Enquirer: 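Sharing a structure, written as structure tokens. Questions coming.
Fair warning: this is a prediction, and the values are worked out from it, not measured in the lab. A, B, ... follow the sequence lines: proteins, then strands. Residue 1 opens every chain.
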There are 2 protein chains.
Amino acid sequence: MESRRRGRPRSFDREAALAQATLLFWERGYEATSVADLTRVMGIGPPSLYAAFGDKRALFEEVVDSYGHAFGAFAARALEQEPTTRAGVARMLREAAEEYTRPGRPRGCLVISAATNCTSEEVEGALRERRNATVRDIQRRIEHDISTGELPEGTDARVLAVYVGAVVQGLSQQARDGATRAELEAVAAAAMSAWP
Amino acid sequence: MESRRRGRPRSFDREAALAQATLLFWERGYEATSVADLTRVMGIGPPSLYAAFGDKRALFEEVVDSYGHAFGAFAARALEQEPTTRAGVARMLREAAEEYTRPGRPRGCLVISAATNCTSEEVEGALRERRNATVRDIQRRIEHDISTGELPEGTDARVLAVYVGAVVQGLSQQARDGATRAELEAVAAAAMSAWP
DNA sequence: GTCATTCCATAGCGACCACTACAGAAATTG
DNA sequence: CAATTTCTGTAGTGGTCGCTATGGAATGAC
């Protein structure tokens with residue numbers, strides 16, 4: 001017979017605590033968020049945090065994964081569901097303008113902003129690799145659309161992909177700097193008029 | 001008669017020390033740079049730093065000013081010297097691609113990246129205000145060009161200015177993420193094809 | 001020379017950092 | 001019931017943070 005785990009059970013909701021940690025890391029970034037800040041918003045003591053999540057860095061990695069599924073999935077969804085890369089990128093930019101300015105949550109993108117100026121090269125590098133992987137994914141889709149004739153033959157796929165990445169990062173930064181949703185949606189539309 | 005200052009003279013080059021501090025803040029950001037790091041690269045002890053510059057934050061403010069004159073002036077120069085805002089922005093983006101990837105110095109823009117995720121709201125806000133002031137300056141130039149007919153009447157000056165700001169910030173971030181000068185110059189050119 | 005002034009090097013301040021030792025509390029096992 | 005296991009709250013650990021007290025060194029004034 002399967003039995004429940006022995007010993008004293010955990011006295012807090014792990015998922016809820018993870019969600020609170022996500023919001024705090026999202027708003028303040030990795031290094032500016034202290035373990036004391038985390039335990040306060042998670043409503044637990046330091047030993048509970050370390051027992052449940054390992055250490056600050058492991059918690060952050062779990063936060064990044066959780067964020068990618070909950071808040072960052074719109075981008076992959078847009079690229080996947082639209083029939084062309086052009087339509088996918090247009091939708092991704094439009095939804096980014098909306099997601100990055102949604103009331104009641106931190107502005108901008110955690111993957112873009114949470115590990116800049118980070119003492120730990122591993123943490124900063126992990127998020128950089130995520131960003132660059134997205135740019136490479138877009139580049140591959142552009143290359144595919146060039147091969148099918150959907151995009152003109154002379155198109156530089158890498159440059160166009162970096163342009164899209166730069167616009168997304170710019171939207172995140174502008175959202176953090178106070179731009180409104182309507183402004184960023186118009187910026188996203190304007191950015192698409194550079195599409196070949 | 002004017003006499004030299006009394007007492008023991010300073011035993012280091014203040015400008016050279018400020019330049020070293022600029023490079024370090026540029027590369028690592030405000031909070032990730034410790035006073036111990038600064039005194040090491042500046043070649044002085046902590047009391048000399050505090051006597052010459054006040055405290056860490058005052059030193060950073062002086063660094064930001066110095067950076068603005070030495071490394072950030074290309075943007076204002078481009079906007080000022082070109083006959084139209086279009087030409088000014090095009091030159092600014094082209095030169096940003098070059099400046100942000102120049103070998104032998106940190107990548108990207110200090111004003112954009114050095115105070116993100118900063119515990120001190122004043123420091124982060126000061127750089128945000130600089131960024132937003134640049135966007136407002138571009139907006140004013142666009143409005144002027146609309147009034148002279150250089151730009152079409154229906155142009156949304158604020159949105160176009162935010163677009164330019166987002167592209168510049170995206171170029172800085174992409175430079176930090178490893179994009180090459182050639183790639184960013186091509187991105188800058190592509191971004192201009194969204195100009196009305 | 002002597003004094004006043006200014007700067008420098010050492011050494012260390014309290015505060016906060018990520019993290020943990022320890023003991024008691026709450027569950028299952030028998 | 002007692003024994004075992006697991007988690008929790010308190011109270012710290014050593015280390016680094018920005019910053020400074022102190023005493024001696026290097027200058028100009030006289």
Side-chain angles (χ1 to χ4, degrees), chain A residues 1-18 20-21 24-25 28-64 114-115 117-124 126, chain B residues 1-18 20-21 24-25 28-64 114-115 117-124 126:
Chain A
M1 290 286 289
E2 282 291 324
S3 66
R4 288 147 85 182
R5 297 217 319 279
R6 301 202 311 176
R8 178 174 174 175
R10 185 178 287 131
S11 66
F12 62 95
D13 182 338
R14 194 181 188 278
E15 291 304 308
L18 185 64
Q20 292 301 312
L24 204 60
F25 274 131
R28 302 192 189 175
Y30 176 71
E31 290 215 312
T33 304
S34 73
V35 172
D37 294 332
L38 289 165
T39 56
R40 198 183 55 251
V41 303
M42 296 165 90
I44 61 179
S48 299
L49 187 153
Y50 283 86
F53 299 101
D55 60 5
K56 184 186 174 183
R57 185 173 148 192
L59 169 60
F60 182 69
E61 288 173 6
E62 204 165 328
V63 158
V64 172
N117 301 134
C118 193
T119 303
S120 160
E121 188 53 50
E122 289 99 1
V123 172
E124 185 157 1
Chain B
M1 291 286 288
E2 283 289 324
S3 66
R4 286 148 87 180
R5 298 217 317 282
R6 301 202 311 173
R8 178 174 174 175
R10 184 178 288 129
S11 66
F12 62 94
D13 182 338
R14 194 181 188 278
E15 291 304 309
L18 184 65
Q20 291 302 311
L24 203 59
F25 275 131
R28 300 191 190 175
Y30 176 71
E31 291 216 311
T33 303
S34 73
V35 172
D37 295 331
L38 289 165
T39 56
R40 199 184 55 250
V41 303
M42 296 164 90
I44 61 179
S48 299
L49 187 154
Y50 282 85
F53 299 99
D55 59 6
K56 183 186 174 183
R57 186 174 146 192
L59 170 60
F60 182 70
E61 288 173 5
E62 203 164 329
V63 158
V64 172
N117 301 133
C118 193
T119 303
S120 161
E121 189 53 49
E122 289 99 1
V123 173
E124 185 157 359

Enquirer: Which class fits the ring pair B/Tyr30 and B/Phe25: parallel under 30°, tilted 30 to 60°, perpendicular over 60°?
Expert: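 Plane angle under 30°, so parallel.
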Enquirer: Which of the following nucleotides, C/dA9, D/dA29, D/dT8, is nearest to the side chain of B/Ser48?
Expert: C/dA9
Enquirer: What is the separation between atom CZ on A/Phe12 and atom C1' on D/dG9, rounded to the nearest whole Å?
Expert: 13 Å
Enquirer: Please list, chain by chain and in numerical order, all residues satisfying side chain to side chain donor-acceptor pair (under 3.5 Å) with B/Glu15, sequence neighbours excluded.
Expert: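 So B/Glu15 forms no side chain to side chain donor-acceptor pair (under 3.5 Å) with any residue.
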Enquirer: Sequence neighbours excluded, which residues qualify as side chain to side chain contact (heavy atoms under 4.5 Å, CB included) partners of B/Ser11?
Expert: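 Partners of B/Ser11 under the side chain to side chain contact (heavy atoms under 4.5 Å, CB included) test: none.
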Enquirer: Taking side chain to side chain donor-acceptor pair (under 3.5 Å) as the definition, give me every residue that meets it alongside B/Arg14, ordered by chain and number, with sequence neighbours left out.
Expert: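 Only B/Glu62 meet the side chain to side chain donor-acceptor pair (under 3.5 Å) criterion with B/Arg14.
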Enquirer: Quick one: list whatever passes salt bridge (Lys or Arg N to Asp or Glu O under 4.0 Å) with B/Arg8, sequence neighbours left out.
Expert: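 Salt bridge (Lys or Arg N to Asp or Glu O under 4.0 Å) check on B/Arg8 returns nothing, list empty.
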Enquirer: Looking at residues at least two apart in the chain, or sitting in another chain, which of them share a side chain to side chain contact (heavy atoms under 4.5 Å, CB included) with A/Ala17?
Expert: A/Phe12, A/Met42
Enquirer: Indicate whether OP1 or OP2 belonging to C/dC7 is found under 4.0 Å from a side-chain N or O atom of B/Ser11.
Expert: no
Enquirer: Can you name the residues that form a salt bridge (Lys or Arg N to Asp or Glu O under 4.0 Å) with B/Glu121, not counting sequence neighbours?
Expert: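 With sequence neighbours excluded, B/Glu121 shows a salt bridge (Lys or Arg N to Asp or Glu O under 4.0 Å) to B/Arg128, given in chain and number order.
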Enquirer: What N/O pairs connect the protein and nucleotides 16-19 of chain C at under 3.5 Å? Give each pair on its own line.
Expert:
{"unit_1": "C/dA18", "atom_1": "OP1", "unit_2": "A/Thr33", "atom_2": "O", "d": "3.4"}
{"unit_1": "C/dA18", "atom_1": "OP1", "unit_2": "A/Lys56", "atom_2": "NZ", "d": "2.8"}
{"unit_1": "C/dA18", "atom_1": "OP2", "unit_2": "A/Val35", "atom_2": "N", "d": "2.8"}
{"unit_1": "C/dC19", "atom_1": "OP2", "unit_2": "A/Tyr50", "atom_2": "OH", "d": "3.0"}
{"unit_1": "C/dC19", "atom_1": "OP2", "unit_2": "A/Lys56", "atom_2": "N", "d": "3.0"}
{"unit_1": "C/dC19", "atom_1": "O5'", "unit_2": "A/Tyr50", "atom_2": "OH", "d": "3.2"}

Enquirer: To the nearest angstrom, how far is B/Leu59 atom CG from D/dC19 atom C1'?
Expert: 14 Å
Enquirer: Distance check needed: D/dT10 C1' versus A/Ile44 CD1, whole Å only.
Expert: 15 Å
Enquirer: Taking only residues two or more places apart in sequence or in another chain, which ones pass salt bridge (Lys or Arg N to Asp or Glu O under 4.0 Å) with B/Asp37?
Expert: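 In terms of salt bridge (Lys or Arg N to Asp or Glu O under 4.0 Å), with neighbours along the sequence ignored, B/Asp37 is linked to B/Arg28, B/Arg40.
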Enquirer: Report the distance from atom CZ of A/Arg10 to atom P of C/dT28, rounded to the nearest whole Å.
Expert: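 One finds 16 Å between P of C/dT28 and CZ of A/Arg10, rounded.
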Enquirer: Any N/O pairs under 3.5 Å between the protein and nucleotides 22-26 of chain C? List them or say none.
Expert:
{"unit_1": "C/dG24", "atom_1": "N2", "unit_2": "A/Arg8", "atom_2": "NH1", "d": "3.3"}
{"unit_1": "C/dA25", "atom_1": "N3", "unit_2": "A/Arg8", "atom_2": "NH1", "d": "3.2"}

